[in-house]
Structures are given as C-alpha cells and as structure tokens.
Amino acid sequence: MTEKKIVVLSAGLSNPSSTRLLADRLADATVSRLAESGVEASVRVIELRDHALDVTKNLLTGFPSAELREALDALSAADGIVAVTPIFSTSYSGLFKSFIDILDREAIVGTPVLLGATGGTTRHSLAIDYAIRPLFTYLHAAPVSTGVFAASSDWGDGADTVADLPSRIARAAGELANAVIGSSPRTPQADPFALEMSFEDMLRAQGQ
C-alpha cells in the first residue's frame with residue numbers, strides 16, 4: 001500500500017505553543033493507529049507563523065511565494081489533515097483564516113480532517129463545531145466527528161479523569177486513521193496554466 005501523507009496545520013503564534021503541542025500529539029496518535037492497521041504514514045507540519053508574511057502578500061497580490069506554494073501543494077496532496085488553531089474572541093485565529101482564504105476551493109475536497117483547538121478555558125470548546133467545522137465543510141473537506149479542544153487545565157495534573165485529553169486524542173485519531181484508510185488516493189491538482197505541449201512542439205506544429 002502506498003504511504004499515506006498526513007499534513008498538519010498549526011496556527012500557534014508562540015514558540016513553543018500549546019497549539020503545536022496538541023497538533024503533534026494528534027498527528028502522532030493518527031500515525032500510530034494507521035501503523036496498527038499496517039499502513040505507513042509520513043507527517044508534514046506546516047507552521048503557519050512561518051508563512052505569515054507570505055500569506056499576507058498572497059492576499060494582496062494573488063501570488064504565493066515559492067515556499068508558500070510548496071506548502072499549499074503539500075496540503076492539496078494530503079491523504080489526511082490535522083488542523084489546529086488557538087481560539088481568539090470565540091473563533092479561529094486570523095492567521096488560520098487567512099491561510100484558509102488563499103486555498104484553492106478544490107484543494108481539499110473530500111480530504112479527511114481532524115479539527116483541534118486550544119484556549120484558556122473549556123468555555124471556548126464549542127468553537128470547533130460552530131466556527132471551525134463549518135469552514136472546512138464549506139471547502140467540501142470531510143471533518144471527522146470528534147474534534148479535540150485543549151484548555152490550559154488539560155495540560156496539568158487536574159485534568160478530567162473521565163474525558164481526559166489523551167482519551168479524546170485517541171478517539172479522534174482513530175476516526176481520522178479510519179477515514180484515511182477508507183478514502184480514495186489523492187491525486188495532485190492539475191496546473192490550469194500548464195501548457196499541453198512544449199514551445200518547441202508548438203513551433204513545429206505551426207511550421208507544418
């Protein structure tokens with residue numbers, strides 16, 4: 001079986017960040033679940049903070065830098081996506097939304113996505129379903145049922161013993177792994193500006 005490609009979107013602003021920490025745990029758990037099913041997987045992490053300036057320039061000019069283009073292509077070719085954002089003012093971060101805004105509308109159609117978010121308190125946990133999930137549904141991606149929200153208290157010793165963070169991560173990762181295994185292989189998007197023949201062949205055709 002062809003190796004599956006898992007792409008991680010992390011919209012954390014600090015370094016290190018709890019957003020990246022959650023993203024890594026979700027990705028590692030997904031790879032482990034895939035391995036249990038005999039499926040190999042690679043992980044590519046896209047730290048959006050590293051592309052913040054290029055994302056802004058893309059919004060202004062409509063053209064991505066080479067580094068941003070490579071990140072966008074990696075996302076389009078992903079078999080599964082882990083997308084994690086901090087929650088600001090009850091919704092996803094501006095950087096996260098700006099990156100989503102520059103995606104081609106067909107880039108992640110049908111791609112399984114595991115949604116994650118971080119915030120100070122559990123009061124923001126519903127943001128996954130009322131803000132982030134509709135965003136990916138609009139793009140015709142396939143978000144798995146379980147989203148994972150991690151509050152500050154989830155990283156300490158006082159975490160909920162009934163629905164603790166490791167359990168939620170394991171459940172969501174299992175859903176993403178199953179969706180990745182059951183999904184059709186991803187094919188790279190065709191370049192709409194690509195020439196059907198080389199310039200040399202075009203010149204030869206015109207000379208005939």
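Hydrogens, waters and symmetry mates are skipped; everything else that's a heavy atom, side chains included, is used. Each residue takes its place number in the sequence, starting with 1.
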Same apolar cluster: Leu48 and Leu103, side chain cutoff 4.5 Å:
yes
Correct closest heavy-atom pair for Glu67 and His51 would be O-CE1, 4.0 Å
Check: Leu126 and Phe149 side chains under 4.5 Å, non-hydrogen atoms
no
Nearest heavy atoms of Gly116 and Ile132, plus distance in Å
O-CD1, 4.3 Å
Atom CZ of Arg33 and atom CG of Leu176: how far apart are they, to the nearest 0.5 Å?
10.5 Å
One should read off an interatomic distance between Ser125 OG and Asp154 CG, to the nearest 0.5 angstrom, of 9.5 Å
Are the side chains of Val55 and Asp101 in contact, using a 4.5 Å heavy-atom criterion?
no
Residue pair Arg44 / Ala74: nearest heavy atoms and the distance that separates them:
NH1-CB, 3.7 Å
Distance col, row Tyr92:OH vs Thr85:OG1, nearest 0.5 angstrom, shows 9.5 Å
Regarding Asp164 and Arg168, does a basic nitrogen lie under 4.0 Å from an acidic carboxylate oxygen?
no
For a 4.5 angstrom cut-off between non-hydrogen side-chain atoms, does Phe63 reach Lys57?
no
The reported gap from CZ in Arg49 to CG in Leu95 (rounded to nearest 0.5 angstrom) is 10.0 Å
Checking the side chain of Ser91 only, and the main-chain atoms of Ile87 only, is there a donor and an acceptor separated by less than 3.5 Å?
no
Can you give me the closest heavy-atom contact between Ser17 and Gly12, atom names plus distance?
OG-CA, 3.9 Å
So, does Asp79 use its side chain to make a donor-acceptor pair with the main chain of Lys5 at under 3.5 Å?
yes
Are Asp54 and Pro64 side-chain neighbours, meaning at least one heavy-atom pair lies under 4.5 Å?
no
As a quick check of understanding, evaluate salt bridge (Lys or Arg N to Asp or Glu O under 4.0 Å) for Lys4 and Glu40, giving each step before the final call.
CA-CA 6 Å; Lys4 297 294 185 179; Glu40 294 184 357; over 6 Å; no
Under a 4.5 Å cut-off applied to non-hydrogen side-chain atoms, are Leu9 and Val82 in contact?
no
Would a 4.5 Å heavy-atom cut-off, applied to side chains only, mark Asn58 and Phe99 as touching?
no
side-chain contact (heavy atoms from CB on, under 4.5 Å) between Ile46 and Val7, intermediate numbers included:
CA-CA 7 Å; Ile46 299 175; Val7 173; 3.7 Å; yes
Output for pair (His140 NE2, Glu106 CD), nearest 0.5 Å, gives 7.5 Å
Locate the shortest heavy-atom distance separating Ala83 from Phe136; write the atom from each residue and the value.
CB-CZ, 3.8 Å
Any donor and acceptor pair, going by atom type alone, linking the side chain of Arg20 with main-chain N or O of Leu13 inside 3.5 Å?
no
Sub-4.5 Å side-chain heavy-atom contact between Leu114 and Thr30:
yes
Could you tell me if Thr19 and Ser10 have a donor-acceptor pair between their side chains, going purely by distance under 3.5 Å?
no
Atom CG in Leu21, atom OG1 in Thr118: separation rounded to 0.5 Å?
9.5 Å
For a side-chain contact (heavy atoms from CB on, under 4.5 Å) check, start with the C-alpha distance between Leu75 and Ile108, then their side-chain angles and the critical distance, and finish with the verdict.
CA-CA 7 Å; Leu75 191 68; Ile108 58 174; 4.1 Å; yes
With the 4.5 Å side-chain cut-off for hydrophobic clustering, are Tyr138 and Ile100 part of the same group?
yes
In terms of side-chain heavy atoms, does Thr146 have a donor or acceptor partner in Arg171 at a distance below 3.5 Å?
yes
pair Asn15-Glu47: side-chain heavy atoms closer than 4.5 Å
no
Here the pair of heavy atoms bringing Ala117 nearest to Val84 is N-CG1, 4.0 Å
